[in-house]
*Asks:* 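I am attaching a structure below and will ask some questions about it afterwards.
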Amino acid sequence: MKILIAPLIVNAKADATYHFTRTLCDLLSSRQHAVAISTSRDNSISTASLYDAAEPNEPLFFTREKYCYEEWMYGCGASSKDYLLNDLECIESAIDQFRPDIIIVMDRIAAVIAARKKKIPCVCIVNSTIYRTASFAVRILQPVNQVLSSEGFEQVFRISDLYDYCAERVVFGAVQIQPMPLDANFRRFGTVSLQTELYDDPKGIYINFSEIARKPAALRKMIIEAFSGAPYPVYACIDTLASEKVQNIHFLASHRDDVLRTASVCIHDGNDFICDACAKDAIPQLIITDHSYGRTSVALAARRYGFGIMADEDELSVAGLYENYRRLVSSSRFHENAALIRDEVISLGDFIDFHRFLTNRFKK
């Protein structure tokens with residue numbers, strides 16, 4: 001099959017959508033599918049052909065907190081009329097050149113519209129926060145509905161209504177982490193990755209920060225002060241920081257799946273992909289959140305089901321970082337609950353099951 005993936009990647013090579021896209025490209029291409037992605041050149045992936053995408057620009061004077069999906073999309077500039085029209089041109093050009101059999105969409109409104117226009121089956125990857133019913137200003141959806149009207153399609157009251165026109169909706173993750181509405185029509189899989197055996201001797205800490213509103217140099221200093229000289233390795237991936245080694249601390253230039261699975265504890269800022277990876281390998285998590293859209297739900301799940309600790313970004317400090325780490329490793333409860341989540345992930349299937357679903361559902 002020829003598969004076009006259309007993701008909305010806000011932080012180049014750092015956010016959850018990029019990591020989901022990279023994993024799908026690598027695994028689908030290894031199954032002899034022709035894979036292409038529509039995104040910026042900053043997010044190129046070696047296992048997929050690259051087609052241009054429009055670049056969203058944050059709107060001026062939008063200062064409201066982003067508590068729901070529609071506000072987040074608007075705040076990213078991903079639902080403005082100019083962006084949607086430009087992106088629609090990019091997606092249609094990619095379709096005309098690549099001629100995909102199916103399109104996999106992550107937060108790309110124009111890709112759903114283009115798939116309907118071209119009558120190409122579309123699979124939308126969703127998460128539980130998309131379906132939250134928080135209120136938002138009516139003007140936020142006006143550009144989306146204007147573009148839909150210009151293409152002869154129905155108006156929507158929420159962006160999730162648009163995804164209902166896709167052939168399938170897919171969610172990755174255990175029900176405890178990604179609880180979905182009872183009336184939502186979707187397919188669930190435990191993980192986007194391949195399930196592997198647990199690492200024999202997990203040790204140390206894996207840290208991944210890409211959303212925290214502090215300078216990378218300040219985060220680097222905090223990690224060094226908290227964990228320098230400890231008798232265990234610390235691997236830290238902080239957006240824009242180069243790789244280096246400071247005593248037992250290894251700063252990574254990019255996220256490493258193979259390193260994460262060797263850790264006994266993971267500290268991150270609410271990244272859905274990192275949470276997914278920890279869940280499949282039963283790794284307790286310390287999740288730093290600012291209570292905005294996209295970072296809060298997994299932190300609340302960790303606290304509710306006891307597989308991790310939720311901490312407030314405003315209170316992030318050297319002492320707090322170390323003390324929360326000590327809480328995670330000093331109690332067997334977190335490891336036991338993380339193991340229960342892993343059991344749920346295994347029962348729901350991994351990429352092999354997702355691939356079987358794709359090929360059976362859309363075979364010619």
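Starting from 1, each residue takes its place in the sequence as its number.
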*Asks:* Cation-pi check, Arg187 to Phe357: give yes when NZ or CZ is under 6.0 Å from the six-membered ring centre and within 45° of the ring axis, no otherwise.
*Replies:*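 Geometry flag: not set, cation outside 6.0 Å or 45°.
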*Asks:* If you apply the rule salt bridge (Lys or Arg N to Asp or Glu O under 4.0 Å), what do you find for Lys117 with Glu151, and how did you get there?
*Replies:* CA-CA 8 Å; Lys117 286 180 65 177; Glu151 298 296 336; 3.0 Å; yes
*Asks:* Find out whether the Lys NZ or Arg CZ of Arg256 is both under 6.0 angstrom from the six-membered ring centre of Tyr235 and within 45° of the ring's axis.
*Replies:*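 So Arg256 doesn't make the cation-pi contact.
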*Asks:* What closest approach, in Å, do Leu241 and Arg220 show between heavy atoms, and which atom pair accounts for it?
*Replies:*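 For Leu241 versus Arg220, the nearest heavy atoms are CD1-CB, 3.7 Å.
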*Asks:* Mind checking whether Phe153 and Tyr165 have ring centres under 6.0 Å apart?
*Replies:*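 No, the ring of Phe153 stays outside the 6.0 Å limit from the ring of Tyr165, centre to centre.
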*Asks:* My understanding is that only one of Asp276, Thr196, Asp350 makes a side chain to side chain donor-acceptor pair (under 3.5 Å) with Thr191; could you say which?
*Replies:*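 Single pass found, and it is Asp276.
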*Asks:* Do any pairs count as a salt bridge (charged side-chain N to carboxylate O under 4.0 Å, His left out) and have a residue in residues 329-343, sequence neighbours left out, and if so which ones?
*Replies:*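 Passing the test, one end in residues 329-343: no pairs.
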*Asks:* Under 3.5 Å, side chain of Arg361 to main-chain N/O of Glu168, donor-acceptor pair present?
*Replies:*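 Not at all, since once roles are kept as given, no pair shorter than 3.5 Å links the two residues.
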*Asks:* Evaluate the side-chain proximity of Ile224 to Phe251: yes if any heavy-atom separation is below 4.5 Å, no if none is.
*Replies:*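 In contact.
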*Asks:* Mind running side-chain contact (heavy atoms from CB on, under 4.5 Å) on Phe307 and Leu340 for me, showing each step along the way?
*Replies:* CA-CA 9 Å; Phe307 61 85; Leu340 292 175; over 6 Å; no
*Asks:* So, for Leu84 and Ala78, which heavy atoms are closest and what is the spacing to 0.1 Å?
*Replies:*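 Between these two residues, the closest heavy atoms are CD2-O, 3.7 Å.
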*Asks:* Where is the tightest heavy-atom contact between Asp107 and Tyr163, given as atom of each residue plus distance?
*Replies:*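 Minimum heavy-atom separation between Asp107 and Tyr163: CA-OH, 3.6 Å.
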*Asks:* Does the Arg22 side chain pair with the main chain of Ile45, one donor and one acceptor, at a distance under 3.5 Å?
*Replies:*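 Between the backbone of Ile45 and the side chain of Arg22 there is no qualifying donor-acceptor contact (under 3.5 Å).
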*Asks:* Indicate yes or no: at least one non-hydrogen side-chain atom of Ile159 is less than 4.5 angstrom from one of Met73.
*Replies:*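 Contact flag for Ile159/Met73 side chains = yes.
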*Asks:* Between Tyr131 and Phe186, is the ring centroid distance below 6.0 Å?
*Replies:*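 When the ring centroids of Tyr131 and Phe186 are compared, they turn out to be at least 6.0 Å apart.
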*Asks:* Within the distance-only criterion (no hydrogens, no angle test), does the side chain of Ser29 pair as donor or acceptor with the backbone N or O of Cys25 below 3.5 angstrom?
*Replies:*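 Yes.
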*Asks:* Looking at side-chain heavy atoms only, is the closest gap between Cys266 and Ile274 below 4.5 Å?
*Replies:*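 Yes, close enough: below the 4.5 Å cut-off.
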*Asks:* Would you say Val318 and Met222 make side-chain contact, with heavy atoms under 4.5 Å?
*Replies:*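 Yes; the side chains approach each other to less than 4.5 Å.
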*Asks:* Can the ring centroids of Tyr206 and His255 be said to lie less than 6.0 angstrom from one another?
*Replies:*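 Yes, they do, as the ring centres are separated by less than 6.0 Å.
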*Asks:* Say whether, by atom type as modelled, one donor and one acceptor occur between the side chain of Glu58 and the main chain of Gly77 under 3.5 angstrom.
*Replies:*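 Pair absent, no side-chain N/O of Glu58 close to backbone of Gly77.
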*Asks:* Has the side chain of Arg214 got a donor or acceptor atom that lies under 3.5 Å from a matching backbone atom of Leu316?
*Replies:*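 Confirmed, Arg214 side chain pairs with Leu316 backbone.
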*Asks:* Asp161 and Arg158: salt bridge (Lys or Arg N to Asp or Glu O under 4.0 Å), yes or no, with the steps?
*Replies:* CA-CA 5 Å; Asp161 296 339; Arg158 306 197 76 91; over 6 Å; no
*Asks:* Below 6.0 angstrom between ring centroids: does that apply to Phe354 and Phe172?
*Replies:*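 Close enough - the centres of the two rings lie under 6.0 Å apart.
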